[in-house]
Amino acid sequence: MATSGTGLQGLWVELLTPLNEDLLIHHAKLSTHVKTLGAKGVQGVVMFSHAGEGDSFNAAERLDAVKQLMAHGISGKDILLHAAF
């Protein structure tokens, strides 16, 4: 993924959030999913939107997911957060 410095451009997609059996976010699968989308030409992702189960996660879980993605090499510039609570 490569968001330019001129703002949002290209194709951005809403993510479904992969979960563990205990219904917590499966961070490794989420990272792999985002990287796969980037390899297929997606410019960025929208996390925790209405397409998935976004409203089910609290603020700490959402922030942790973003931190985990960034720790796995995903740029914060390539992530948008849906902010419904």
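Hydrogens, waters and symmetry mates are skipped; everything else that's a heavy atom, side chains included, is used. All residue numbers refer to positions in the sequence shown, counting from 1.
- Cluster membership check: Leu80 does not share its hydrophobic cluster with Leu63, using side-chain heavy-atom separations under 4.5 Å among Ile, Leu, Val, Met, Phe, Trp and Tyr.
- For the atom pair NE2 (His26) and CD (Glu21), the distance works out to 9.5 Å, reported to the nearest 0.5 Å.
- For Leu23, the side-chain contact (heavy atoms from CB on, under 4.5 Å) partners two or more places apart in sequence, or in a different chain, are Leu19.
- Contacts of Asn20 classified as side chain to side chain donor-acceptor pair (under 3.5 Å), with partners at least two apart in sequence or in another chain: none.
- To the nearest 0.5 Å, atoms CG (Leu16) and OG (Ser49) are separated by 8.0 Å.
- Atoms CG and NE2, from Asp64 and His27 in turn, are 4.5 Å apart once rounded to the nearest 0.5 Å.
- In terms of heavy atoms, His50 sits closest to His82 at NE2-CE1, 3.3 Å.
- One finds the CD atom of Gln43 at 8.5 Å from the CH2 atom of Trp12 (value rounded to the nearest 0.5 Å).
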Extract all donor-acceptor atom pairs below 3.5 Å that involve side chains of residues 29-41 and protein atoms in other chains or at least two apart in sequence.
residue: Thr32; atom: OG1; partner: Ala28; partner atom: O; Å: 3.1
residue: Lys35; atom: NZ; partner: His72; partner atom: O; Å: 2.8
residue: Thr36; atom: OG1; partner: Thr32; partner atom: O; Å: 2.9

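- Residues Leu24 and Leu15 do not share a hydrophobic cluster, defined by chaining ILVMFWY side chains whose heavy atoms lie under 4.5 Å apart.
- The line from CZ of Arg62 to CE of Met47 is 9.5 Å long, rounded to the nearest 0.5 Å.
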